[in-house]
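See below for the structure under consideration.
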Number of protein chains: 2
Amino acid sequence: MSSEPRERILASARALYLEGGVQAVTMRGVAERVGVTATALYRHFDNKEDLLTELIGQAFLTFGAYLHRALGGKTPMERFLRSSESYLDFALEQREIYRTIFMSPVPKPADRPGFQSHRFDPASTFQFLVDRIRECMDSGDLRKDDPEQVAISVWAHVHGLASLQVCGSFDLPDEQFQEVYRQSVKRMIAGLAGPSS
Amino acid sequence: MSSEPRERILASARALYLEGGVQAVTMRGVAERVGVTATALYRHFDNKEDLLTELIGQAFLTFGAYLHRALGGKTPMERFLRSSESYLDFALEQREIYRTIFMSPVPKPADRPGFQSHRFDPASTFQFLVDRIRECMDSGDLRKDDPEQVAISVWAHVHGLASLQVCGSFDLPDEQFQEVYRQSVKRMIAGLAGPSS
DNA sequence: GTCTATAGGTGGATAGAC
DNA sequence: GTCTATCCACCTATAGAC
């Protein structure tokens with residue numbers, strides 16, 4: 001590949017990104033990590049935004065790979081539950097990427113002329129979830145309801161849990177939190193009122 | 001008051017903050033807005049962090065005022081539902097403050113020597129919610145369960161909804177979203193499985 | 001492809017005159 | 001209390017030599 005140096009630059013950028021977020025990615029910093037001077041990077045990327053765009057693009061693909069695992073489940077309910085597991089795995093294992101995708105303001109098309117939506121942006125995540133839920137309603141595992149509205153509730157619930165953990169609001173180690181997360185998903189399905197499960 | 005200029009500085013800082021977040025608050029920018037030079041600010045604040053700390057402190061008080069409204073409800077369930085309403089009101093009306101309090105990494109005591117927790121930080125929000133939920137369990141409005149675990153589920157759910165809206169992930173106008181939010185709270189209470197409500 | 005040198009920008013903070 | 005002048009750190013980006 002003639003683009004091997006390009007990959008090395010992206011790798012260094014990703015490392016800095018995972019350590020300290022977007023603001024930790026500077027041309028100087030990336031260059032130092034690669035072992036060249038900052039100006040050398042401009043042979044491979046037009047400018048910083050270019051580099052960042054490619055980085056984020058790869059991040060979306062990573063998320064897509066996590067979600068895709070859930071489709072290995074054999075029943076609708078299994079696929080639904082696995083989706084929530086995969087979602088959490090991604091949030092915990094790729095914290096900074098999760099922050100960027102789901103905890104940062106969504107750039108509007110107006111802000112970025114020529115903006116191309118990725119395969120796995122928040123919108124397609126949402127659609128993925130709608131499909132899992134519709135399946136469960138068809139199979140009778142979930143009560144019949146508007147799949148899109150239910151998807152909003154479910155997504156908000158898992159995202160809320162994941163994002164609070166990523167922010168450190170719970171002050172729980174990840175292993176303990178995973179159990180809390182699973183229980184909470186059960187509770188979301190069973191509800192808060194009515195007879196105990 | 002001898003601290004009147006101090007208040008004017010804070011007001012300008014708050015304005016910038018609400019417009020563009022923390023990063024929009026620069027000593028130069030604040031000073032320009034007040035109508036003085038940047039150096040003048042250092043007569044009133046030791047440094048930028050000092051200014052920011054005071055700003056955030058006031059923000060926590062604002063949030064506390066929102067939550068406090070919920071206590072006007074007459075029954076436990078009413079107070080519980082009003083809490084969720086107040087929470088959303090705050091998130092939508094004070095977006096940037098909401099971001100700072102609930103969507104940013106929680107500073108660990110280690111990071112800030114002499115760090116003093118505020119009256120309404122994530123931890124005390126959580127306690128407030130636990131109290132509302134315990135009330136509802138005692139009154140029989142909610143099924144008996146571990147109030148803290150249920151509080152986690154409930155908080156995550158409303159925070160997830162609020163934060164996704166604040167980020168623009170839903171792409172819905174606030175008025176429409178409020179109705180979605182209310183329905184979702186109902187759904188959280190009723191659950192996703194079992195008979196329709 | 002990579003370097004040195006350099007331009008041009010933003011931001012925090014201090015010294016000392018008024 | 002506020003000013004001017006100034007320093008320092010850090011950043012993106014370009015020109016032109018090698």
Side-chain angles (χ1 to χ4, degrees), chain A residues 1-59 96 99-100 104-105 107 111-115, chain B residues 1-59 96 99-100 104-105 107 111-115:
Chain A
M1 297 273 206
S2 66
S3 62
E4 192 201 314
R6 217 164 185 271
E7 284 308 318
R8 285 182 50 212
I9 292 170
L10 282 169
S12 295
R14 185 162 40 244
L16 286 172
Y17 185 86
L18 293 178
E19 282 170 26
V22 207
Q23 66 179 5
V25 183
T26 65
M27 296 304 260
R28 284 161 146 76
V30 172
E32 190 186 5
R33 198 142 183 151
V34 175
V36 297
T37 59
T39 50
L41 305 185
Y42 289 87
R43 277 286 141 190
H44 308 279
F45 296 90
D46 280 357
N47 49 43
K48 188 187 178 181
E49 194 186 336
D50 229 54
L51 201 169
L52 239 36
T53 300
E54 187 136 342
L55 204 60
I56 303 297
Q58 292 189 350
E96 281 304 328
R99 265 215 175 75
T100 305
S104 306
D111 294 349
R112 301 196 171 195
F115 174 77
Chain B
M1 300 273 206
S2 65
S3 63
E4 193 201 314
R6 216 165 186 272
E7 283 308 317
R8 285 183 49 212
I9 293 171
L10 281 169
S12 295
R14 185 162 39 245
L16 287 172
Y17 183 86
L18 293 177
E19 281 170 24
V22 207
Q23 66 177 5
V25 183
T26 65
M27 296 303 261
R28 285 164 149 83
V30 172
E32 190 186 4
R33 197 142 183 152
V34 174
V36 297
T37 59
T39 50
L41 305 185
Y42 289 87
R43 279 287 140 188
H44 307 281
F45 297 89
D46 279 357
N47 49 44
K48 189 187 177 181
E49 194 186 337
D50 229 54
L51 200 169
L52 239 36
T53 301
E54 187 136 342
L55 204 62
I56 303 298
Q58 293 188 348
E96 281 303 328
R99 266 215 174 75
T100 306
S104 306
D111 293 349
R112 301 197 170 192
F115 173 76

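Remember, predicted model here, so these are calculated numbers, not experimental data. Naming convention: chains lettered A, B, ... in sequence-line order (proteins, then strands); numbering from 1 in each chain.
Using a 4.5 Å cut-off on side-chain heavy atoms (C-beta onward), M27(B) and L51(B) make contact. Under the 4.5 Å side-chain criterion, counting only non-hydrogen atoms from C-beta, F45(B) is in contact with L10(B). The shortest side-chain heavy-atom distance between Q23(B) and Q23(A) does not fall under the 4.5 Å cut-off.
Contacts between residues 38-48 of chain B and DNA chain C, counted as heavy-atom distances below 4.0 Å, involve T39(B), Y42(B), N47(B), K48(B).
Between the CG atom of L51(A) and the C1' atom of dC11(D) there is a distance of 15 Å, given to the nearest Å. In this entry the distance linking CE of M27(B) with C1' of dT6(D) reads 17 Å, nearest Å. For R8(A) and dT2(C), the CZ to C1' distance is 12 Å, given to the nearest whole Å. In this entry the distance linking CZ of R28(B) with P of dT4(D) reads 13 Å, nearest Å. The separation between L52(B) atom CG and dG11(C) atom P is 14 Å, rounded to whole Å. Rounded to whole Å, atom P of dG1(C) lies 10 Å from atom CD1 of I9(A). One atom, CD of E49(B), and another, P of dG11(C), lie 18 Å apart when rounded to the nearest Å. One can place CD of Q23(A) at 14 Å from P of dG11(C), the figure rounded to the nearest angstrom.
Surrounding CZ of R8(A) are at most 12 heavy atoms belonging to other residues, nucleotides or ligands under 6.0 Å away.
T26(A) comes within 4.0 angstrom of the backbone, heavy atoms only, and of no base.
In this structure a side-chain-to-backbone donor-acceptor pair under 3.5 Å is missing from T37(B) to A31(B). Within the 3.5 Å criterion, the main-chain N or O of H44(A) finds a donor-acceptor partner in the side chain of R6(A).
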